[in-house]
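All figures in this text were calculated on a predicted structure; none of them were measured in a lab.
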Amino acid sequence: VGSLVGIASLSATPVHQAYLLQARQMQALSFSVHIPLVCFGIAFPAMVLFVEWRYLRTGDELYLMLARRWSKVLVALFAVGVITGTILSFEMGLLWPNFTATFGSVFGLGFAIEGFSFFMEAIFIGIYVYGWGRLSPRAHFASGVPVVIAGFTGSLMVIAVNAWMNHPSGFRLRGLHVVDIHPLAALFGNRYLWHELIHMYLAGYIVAGFLVAAPYALGRLKGRWGRYERTAFAIPLTIAALAAPVQVLVGDWAARDVATTQPIKLAAIEGLYKTTRGAPEHLLGWYTGDQVKYGIAIPHALSLLAFHSWNAEVRGLESVPASDRPPVNVVRLAFQTMVGIGTLLAVLGIIYLVVRVRRKRLPESLWFFRAVVVAGPASLVALVAGWVTTEVGRQPWVVYGVMHTSQAVTGAGGVPVGYATLVVVYLGVLVAVAWILRRLARAPLRPQGSAPSTIITGG
Amino acid sequence: MHLYALPLIFAMTGLALYVVLGGADFGAGIWQLTAGAGEDAGRLRDHAHDAMAPVWEANHVWLIFVLTVVWTAYPTAFGSIASTLSVPLFIAAIGIILRGVTYALRSGISTAKEKRTVDGVFAISSLLTPFALGAAAGGIASRRVPVGNAAGHLFSSWLNPTSIMIGALAVVVSAYLAAVYLSADAVRLGDSWLERQFRARALIAGSIAGAIAIGGLFVLHGDAYSLYSRLVSAPGLIALIGSASAGLLTLALVGRHRYESARYSAALAVAAIIAGWALAQQPVLLPGLTIARAAAPHETLVLVVVAVLAGAAILFPSLALLYGLLLRGRFDPSTEFPPPPPGSGGAVLSASTPGLLARFACGCLIAGTGLLTIADSAEAHAVGVLCLLAFIVLGFGAMQPTEIVSAGGEDR
């Protein structure tokens, strides 16, 4: 498969790209900026709708005020998500034209369908946010429902493409050509899709849940703790607290699937050089000289976790040429970060649930609220670390075992210029998002009817 | 009609809709740039912004639609275009980022200075993006994008007479469309001052667009003769004449203050230019690459067509709803009514329900853990995952997050 070319003659002459690493970093940057916004796209509309539903049921104006304030945050984050997502689709061509040219007809359908999900989200977010007080309450509530559904179908499609890149099928290679293309089998007949989808979907609720709860926890520490704040705190935190322990189970399932479908990624995650029976698992440590140093070894744990068997054989990095191995320490560090933070989040979630059930109230310890303040950004770190694990762990392949990333990259010059520009622009975006969120948070609480005048007249 | 051409027709339709709808968004930004300073300029800018804010995201998605259809159905052409034209496409992308961020920011601004800064960035990016996209289209039309990974020239592929002409045309057409739409919106708002302002802008921009289009034919004659010769013979000529007549009709309609009809004729004039380009260039997509050869295998094409038609069946009623609300003025300032009187106030769940839900949730958690973590078949995993998701939903019901806060104590 070594010298794969495009369907037509696009890559007949392989390109030399001196800045492959920069192209990968640019992609990683674009992705890391977009993916937190995806979490809000997945989970936040459901939270806003829940609050609105409470208003419709109880007539309590507090819920209306909360839903309207949250929907301002929703529309601001969605706007940024729209553009950062657009950048990702541009980069499919700008950075990886030969990947798209070679396999577009295999995986592209997923994005084409995703485009319609995106349409639904954009249309109904417009109706929902600008329709406050202008549609009947029921119609307004209903206009939010497609946003929640499209958030799910959109992530289903994007994950289907990513799952295909990790575990490609639905085509054959005849010589240098991609033939026998079956997009549906490639995208949806892929076992790798399901754990990845559920893992990401839960991550969306966990990240959005902890991040929405965090500022109210901070407010609690500063003494802002009226019924409004308590409500705004309890709803997202309850969701995240329930999802975080489940994520540990789903993550374990994902790891077992990776063990069978991508043994070299697993070997990189664990820093396992030699193919081993009854392989140990190393916590922490650093991979150097073909082994993990300074780590805590737990005998047989890897075989047990990955294959549910005391003496199962685990493939090591030695089973493939050095040029086909991912950068071990990046993948290991990312994986351990994700698992470490994920476990702590699950513990925090369980503490909350136990207090809730046993004492029938919210936790009162200040340490709990400090922990929630940290959990918001920490969940974001875990999210990005998880994606680093799966994406860097797939390297050096863009299509696992089929096409090297170096065969996919653009031949155009100027990658470092584009990268530098994007860094500057995204720093500006970061500042802008921080500014708008602070501004929205500081808007005075006031009873509804008169509410988000900026939305109406200004934005 | 061959199957292999159908996705391209979808993509060109999407492109026309992007220019007609998304273009007007950019145009509104351009009018913010030219509004100048002072109170009147502020009114112009606010009107241009408010009219587009509810729909810009939906309008923007047409661009994504075009990209995804092209890379699925004509992957080689997409790879060649995106790599050779990487510079203008990147510039367009940066413009899109800046515009989106300013949309997000505008809902939080409070001072005039902040507003000027945000509107300034918005306006400049509104100029940048249509020009860059138009220049990229010019590179394709003038056969400067060969097949291959960045096989064309990084700069002359989009800095050439045809590209610059089409880029300029894209900017002016965007401004023209926006002015027509904004005039219509001003009438709906009953603001005759705004109407006069945008009417004048529509007439000026429309005339400039016409002039560029006519001058553009001379540019094409010199720079892209093969395209020119097919534009001035049937069927390209029919589209060209159609565009010219629709353009003149629009000017007449705007002159007579009939903006609602002018909306459609202006859009038609622009769509006809795109149709003319497509007709003049087919059956060739890129030099040496026909549409038939560029097309993906049969099964992919069938699936793309099915996906687009099925998607359109959901999309168009949704779009009709959005634009219906917008054009009937339901999103206008001052239409908001106060919240309805409190609802039933009834308890959502009876007192015993949370306990029951909690037990069900625990059951789901135990079953899900067993099926997902201990059992080893795909079916067991699927049921296990569903159990765990049910645990979250039932658990949320049982936890009653909105009830517990009132049990928490006094308001402080």
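- Only the side chain of B:Phe78 comes within contact range of chain A, with heavy atoms under 4.5 Å apart.
- Contact annotation for A:Ile198: only side-chain heavy atoms (C-beta onward) come within less than 4.5 Å of a heavy atom of chain B.
- Put simply, the side chain of B:Thr300 gets close to the backbone of A:Ser105: a donor and an acceptor are under 3.5 Å apart.
- Of the two parts of B:Leu63, only the side chain, counted from C-beta on, holds a non-hydrogen atom closer than 4.5 Å to a non-hydrogen atom of chain A.
- Ring geometry, A:Phe118 versus B:His60: the interplanar angle exceeds 60°, so the pair is classed perpendicular (tilted spans 30 to 60°).
- Looking at A:His195, there are no atoms closer than 4.5 Å to chain B (heavy atoms on both sides), in backbone or side chain.
- For a residue to count as touching a neighbouring chain, one of its non-hydrogen atoms must lie under 4.5 Å from one of that chain's; by this rule B:Leu303 touches chain A with backbone and side chain alike.
- Between the B:Arg330 side chain and the A:Arg134 main chain, a donor and an acceptor come within less than 3.5 Å of each other.
- At a 4.5 Å heavy-atom cutoff, the contact between A:Ile87 and chain B is made by side-chain atoms alone.
- Applying the side chain to side chain contact (heavy atoms under 4.5 Å, CB included) criterion to A:Ala234, with sequence neighbours excluded, gives A:Tyr352, A:Leu362, B:Pro401, B:Val405.
- Here the straight-line distance linking atom OG of B:Ser125 with atom CD1 of A:Ile83 works out to 10.0 Å at 0.5 Å rounding.
- Classified by interplanar angle (parallel below 30°, tilted 30° to 60°, perpendicular above 60°), the ring pair B:Phe331/A:Tyr130 is tilted.
- Interface remark: B:His381 contributes side-chain atoms only to the contact with chain A (heavy atom separation under 4.5 Å).
- With a threshold of 4.5 angstrom between heavy atoms, A:Phe124 approaches chain B through side-chain atoms but not through N, CA, C or O.
- For a residue to count as touching a neighbouring chain, one of its non-hydrogen atoms must lie under 4.5 Å from one of that chain's; by this rule B:Phe396 touches chain A with backbone and side chain alike.
- Proximity to chain A (any heavy atom under 4.5 Å) is restricted, for B:Leu154, to the side chain, taken from C-beta onward.
- Using a 4.5 Å cut-off between heavy atoms, B:Leu89 contacts chain A through both its backbone and its side chain.
- Taking A:Thr84 as the reference, A:His34 meet the side-chain hydrogen bond (donor to acceptor under 3.5 Å, both in side chains) condition, with sequence neighbours excluded.
- For a residue to count as touching a neighbouring chain, one of its non-hydrogen atoms must lie under 4.5 Å from one of that chain's; by this rule B:Trp56 touches chain A with the side chain only.
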